[in-house]
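Lettering of chains follows the sequences in order, A, B, ..., and the numbering in each one begins at 1.
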Amino acid sequence: MHPLAVIREQLSPLFQEYVGDPSPYLEMVRPAQDSKFGDFQANFAMPLAKKLGKNPRELATEFVEKLQLGEICETVEVAGPGFINFKFNSDWLTARLNEMQQDDRLLISSADEPKTIIVDYSAPNVAKPMHVGHLRSTVIGNTLCRILNFLGHKVYGDNHLGDWGTQFGMIIFGYKNFLDEDQFQQASVEELARLYKLVNQLSEYHELVKKIPDIQKKIESTSAQLQEQEANADPKDKQQRKAVGKLKNDLAALKEGLISAEEKVAVVTSSPELISQANAHPDIARLAREETAKLHRGDEENLKLWNQFLPLCIAAIEEVYQRLDVNFDLVLGESYFQPFLQTVVEELQQKGLAVESQGAVCVFHEGNEAPFIVQKTDGAFTYATTDLATIRYRVEELKADCILYVVDARQGEHFKLLFETAEKWGFDKIDLRHISFGTVLGDDKKPFKTRSGDTVGLESLIDESIQRARTIVDVGDDAKPNPELDESTRQSVAEIVGIGAIKYADLRHNRESDYVFNWEKMLATNGDTATYIQYACARICGIFREVGTNRESLRESDSKVVFTHDAERALGLQLLRFAETIEAVVADYRPNILTAYLFETANALTTFYGNCHVKNEPDAAIRASRLLLCDLTVRVLEQGLALLGIQTAEKM
RNA sequence: GCCCCGGUAGCUCAGCUGGAUAGAGCAUCGGUCUUCUAAACCGAGGGUCGCAGGUUCGAAUCCUGCCCGGGGUGCCA
């Protein structure tokens, strides 16, 4: 059991005479905010005393007197208004470390009640290449799978692919009208991607050509309105000032929209090939939608094409996942659930949940203006319908207790409505959670784009990261007196560092917030990065090579951990906090708690490294103890990084 | 209009369910390689936690109002 759990376990029965459920108070036992107070602190005496109408310091003292922590704690003291500070006995800590040394799970116990958990993540549209927008869901989702799995839950990482939507109609239309047969033979996926892009571009062109005059009119009217208001507004009237400000904003947004529309149109008109294609297909958008509708109706030709394209698209995406070391347990795309959608709608109607409204079938929820549309006016189903069918499948076929949707925050409302609908529909036992996350931003604080304004492809992002990492590896190794890495090792280290940097940069941020993507920061060799932690591991591996000690046999020897320096104790205590950290991560599905812990651990290690020499330590027992600490630290760091899907190298 | 999220050091971000003097990293400045990897370490400066109230022993954290930014908002997913 880890130290925090031990304190909580000792405290727990003492609450009996004061309160029914001690758990909220037990959670007020935390790592000490400042090490001068001790190792852990309990803050429950103040709120509990208030509730009981007692004096908080006296109450804290009552607890301390009843506690029997003689073997475990060196001191347990009441401080300030009623904090209880715990400082562990060093012998007890070293005993725990020796226990940890023998434990493959590093004192992390398996879940008491293993659950079946679906992690729904990544879910790209297979018709388009993956881009940076898929990064967060993929990385966070994969980490949650790894952690939950490690805790002994039955986990299904499920890639709920977009494989049945409008984008396939576009590809089919493109295939029928613009196919380059030779290209398709040579590089089918690239050709399909080109077709998708082309059809999308031409559809958008026609749409924008129609919209531009409207935008211009809107700009004129807004501009006129603004002038009038500015002329007449009383500058002291806040309401009026606000209205003027809003008009200015609107106008700027409209102008920006106009410029971007004109640019897109210009791309087509300036290319003789594109403009002739556009003119030849004035009704392309509708016709592409019609291809989708035909596919959904079961049209033989389109279904055949779909069956031909899908494996190709999936193979292309799979390649990216392999580079990211991401594996799914299930890949059940939207298409899989099509046969069940009609029934879902009928059931919802029978139960009186879904009603017809403006030609569509909708579920309305109190307090929400927006309807949850399960069938459109044209009879087609929506992703709302698919999501409901998917919940049923996961509950009935997979026996899921919990579903985590790792999907960006903008879909919050969809999930709110989905969960409410599912509950009323009868799936009220399952724990449904939207694990939402923010956007990846560029330096301009707008969604991350290339300089030319295109979305950043995930492949090219990975390529660039590895390339940048390679430069760091080369520079670092060349700077050594005797460079020790050969060409292939350098490349594999660059891959580990490059991929690790991307993942870590994403995971270290609180998932709810947006973050700014920055190559220099994520690949920095110093600071809160994967590179820094990986390097810390490699330095320690270097010690073992230098000393000539085999790590496995070290663990089997009689050597024990002993503390002879503050840095050893601090590192040891930090290592023992691994289990408590994993608990905290899972409590709210926040991987950044783990990255913060690993960074702190790496820091504790470097402090130790600077203060406690291993190789030159003359006392054999102390030297062995330090080697044990080194070994344990690397195990914790490597295990922690592995849970984040990040690898390490023996030499860097 | 309505709804959601955010505003913390020059920059990028933590801050868990209200706890002790608000923390990291980067950048800046000053030191450290004849000693296990300097891809490293040590030290220093830097804050009106958007603003104003409120709740209480105690508020960056909870409540109300306002300001600023982002997102969503009936048939895309």
Side-chain angles (χ1 to χ4, degrees), chain A residues 24 27-28 30 32-34 36-37 41 43-44 46-47 49-50 56 79-83 85 123 125 162 165-167 238 242 334 357-362 367-378 380 382-384 386-387 407-414 416 436 438-439 441 445-447 472-473 475-477 479-481 484 497 508-510 512-516 518 520-521 523-529 531-532 534-536 538-547 584 587-588 590 592-593 595-596 599-600 603 606-607 609-611 613-617 626 630 651-652:
Chain A
E27 283 175 34
M28 291 181 202
R30 298 172 187 182
Q33 182 187 299
D34 189 323
K36 78 181 179 206
F37 296 134
Q41 64 181 60
N43 302 336
F44 60 79
M46 288 81 82
K50 182 193 274 183
F83 296 103
N85 292 326
N125 275 332
T166 45
Q167 66 280 15
K238 215 165 67 182
K242 207 173 154 182
E334 292 173 328
S357 165
Q358 296 175 27
V361 183
C362 307
N368 284 87
E369 254 177 80
F372 195 59
I373 299 176
V374 291
Q375 188 164 19
K376 300 192 284 186
T377 314
D378 66 3
T382 68
Y383 76 135
T386 315
D387 279 351
V407 180
D408 102 72
R410 284 175 298 207
Q411 294 194 42
E413 198 167 13
H414 166 72
K416 186 168 170 257
S436 82
T439 310
L441 306 175
K445 296 263 190 168
K446 289 184 179 153
I472 295 169
V473 173
V475 170
D477 202 43
K480 292 176 194 167
E484 53 179 352
V497 170
R508 69 175 270 254
H509 292 98
N510 183 327
E512 304 269 18
S513 33
D514 298 344
Y515 75 92
V516 176
N518 182 307
E520 282 70 35
K521 276 181 184 148
L523 278 157
T525 52
N526 208 336
D528 189 3
T529 63
T531 318
Y532 174 81
Q534 286 165 327
Y535 183 63
R539 289 171 93 186
I540 302 309
C541 291
I543 294 182
F544 282 100
R545 278 198 302 276
E546 194 70 25
V547 176
D588 204 20
R590 293 190 184 279
N592 68 310
I593 295 177
T595 62
F599 180 54
E600 282 163 22
N603 275 326
T606 41
T607 306
Y609 186 89
N611 286 290
H613 216 277
V614 180
K615 194 174 86 176
N616 295 351
E617 171 55 46
R626 287 179 181 171
C630 285
K651 288 185 188 175
M652 284 175 75

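On the C1' atoms, B/C63 is 13 Å away from B/G18, given to the nearest whole Å. Taking the C1' atom of each, B/G6 and B/U61 are spaced 15 Å apart, rounded to whole Å. As rounded to the nearest Å, B/A14 and B/G47 have C1' atoms that lie 15 Å from one another. One C1' atom belongs to B/G53, the other to B/C67, and the distance between them is 15 Å to the nearest Å. Distance check on atom P: B/C49 versus B/C11 gives 16 Å, rounded to whole Å. Comparing the P positions of B/G43 and B/C51 gives an interatomic distance of 32 Å, to the nearest angstrom. A gap of 22 Å separates the P atoms of B/C68 and B/C62, to the nearest Å. B/C41 sits 8 Å from B/C26 when the P atoms are compared, rounded to a whole Å.
Separating the CG atom in A/D514 from the OG1 atom in A/T439 is a distance of 4.5 Å, to the nearest 0.5 Å.
Checking B/C75, B/U73, B/A39 against every side-chain atom of A/E413, the shortest atom distance belongs to B/U73. Closest to the A/R539 side chain, of the nucleotides B/G19, B/U37, B/G74, is B/U37. Comparing B/G74, B/G19, B/A40 against the side chain of A/C362 picks out B/G74 as the nearest. Side-chain proximity of A/P81 to the nucleotides B/U35, B/G19, B/C41 is greatest for B/G19. Of the candidates B/G1, B/A24, B/A39, B/A24 carries the atom nearest the A/F599 side chain, counting heavy atoms from C-beta on. Nearest to the side-chain atoms of A/A370 among the listed nucleotides B/C75, B/U35, B/U73 stands B/U73. When each of B/U37, B/G58, B/G1 is scored by its nearest atom to the side-chain atoms of A/K50, the top-ranked nucleotide is B/G58.
Atom CD1 of A/I373 is separated from atom C1' of B/C75 by 4 Å (rounded to the nearest Å). Going from atom NZ of A/K416 over to atom C1' of B/C4 covers 9 Å, rounded to whole Å. The CG atom of A/N616 sits 11 Å away from the P atom of B/U35 (whole-angstrom rounding). Between A/N611 atom CG and B/U32 atom P there is a gap of 18 Å when expressed in whole angstrom units. Residue A/N603 contributes atom CG, which lies 9 Å from atom C1' of B/A24 at whole-angstrom precision. If you measure from atom CG of A/N368 to atom P of B/G74, you get 13 Å, rounded to the nearest angstrom. The CD atom of A/E484 sits 12 Å away from the P atom of B/A38 (whole-angstrom rounding). Computed from coordinates, the A/Y535 OH to B/A39 P distance equals 5 Å when rounded to whole Å.
In this entry the base of B/C26 is anti relative to its sugar, with a glycosidic angle more than 90° from 0.
Both A/A538 and A/D34 lie near RNA chain B, and the one whose nearest nucleotide falls closer to the 5' end is A/D34. Heavy-atom nearest nucleotides on RNA chain B were determined for A/P47 and for A/G165, and the one closer to the 5' end corresponds to A/P47.
Among the atoms of the strands shown, only primed sugar atoms or phosphate atoms (P, OP1, OP2) are found under 4.0 Å from some heavy atom of A/E546. Among the atoms of the strands shown, none is found under 4.0 Å from any heavy atom of A/M28. If you check every strand for non-hydrogen atoms under 4.0 Å, A/Q375 touches nothing. Base contact: A/N85 has a heavy atom under 4.0 Å from a base atom. Residue contacts for A/A524: at a heavy-atom cut-off of 4.0 Å it reaches no nucleic acid atom on any strand shown. Residue-level contact check: A/Q411 touches the bases, meaning some heavy atom is under 4.0 Å from a base atom. Counting any heavy atom pair closer than 4.0 Å across all strands shown, A/A409 reaches no nucleic acid atom. Counting non-hydrogen atoms under 4.0 angstrom, A/Y609 reaches a base of the nucleic acid.
Stacking of the aromatic ring of A/H613 onto the base of B/U35 is not found under the criterion of centres within 5.5 Å and planes under 30°.
A/R626 is not listed as a side-chain neighbour of A/I543, based on a closest heavy-atom distance of 4.5 Å or more. The shortest side-chain heavy-atom distance between A/V497 and A/I472 does not fall under the 4.5 Å cut-off. In this structure, the side chains of A/M652 and A/V473 stay at 4.5 Å or more apart for every pair of heavy atoms. At a threshold of 4.5 Å between non-hydrogen side-chain atoms, the residues A/V516 and A/K521 do not count as touching.
Residue A/S357 places a side-chain atom within donor-acceptor reach of the base of B/G74, judged by atom type and a 3.5 Å distance cut-off alone. The base of B/C75 is paired with the side chain of A/T377 by a donor and an acceptor separated by under 3.5 Å.
Close to B/C41, at under 4.0 Å from its OP1 or OP2, lies a side-chain N or O of A/N526. Phosphate proximity of B/A77 to A/Y383: absent, as no side-chain N or O sits under 4.0 Å from OP1 or OP2. Proximity of A/T166 to the phosphate of B/A77: no side-chain N or O atom is located under 4.0 Å from OP1 or OP2.
In this structure, A/R508 fails the cation-pi test against A/F599, since its NZ or CZ atom is not both closer than 6.0 Å to the six-membered ring centre and inside 45 degrees of the ring normal.
Side chains of A/N603 and A/Y532: a donor on one and an acceptor on the other come within 3.5 Å.
Smallest separation of non-hydrogen atoms from A/T607 and A/N611: O-ND2, 2.7 Å. In terms of heavy atoms, A/C630 sits closest to A/I540 at CB-CG2, 3.5 Å.
Enclosure of atom NZ in A/K480 by more than 12 non-hydrogen atoms of other residues, nucleotides or ligands within 6.0 angstrom is indicated.
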Show the distances under 3.5 angstrom between N or O atoms of the protein and N or O atoms of nucleotides 12-16 of chain B.
residue: B/U12; atom: OP1; partner: A/K445; partner atom: NZ; Å: 3.1
residue: B/U12; atom: O4'; partner: A/K521; partner atom: NZ; Å: 3.2
residue: B/C13; atom: OP1; partner: A/V516; partner atom: N; Å: 2.7
residue: B/A14; atom: OP1; partner: A/N510; partner atom: N; Å: 3.0
residue: B/A14; atom: OP1; partner: A/S513; partner atom: OG; Å: 2.4
residue: B/G15; atom: OP2; partner: A/N510; partner atom: ND2; Å: 3.1

For A/R590 and A/N510, run side-chain contact (heavy atoms from CB on, under 4.5 Å): C-alpha distance rounded to whole Å, both residues' side-chain angles, the deciding distance at 0.1 Å, then the answer. CA-CA 7 Å; A/R590 293 190 184 279; A/N510 183 327; 2.8 Å; yes
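In this structure, B/U48 forms no base pair with any nucleotide, since neither Watson-Crick nor G-U wobble geometry is met with both distances under 3.5 Å.
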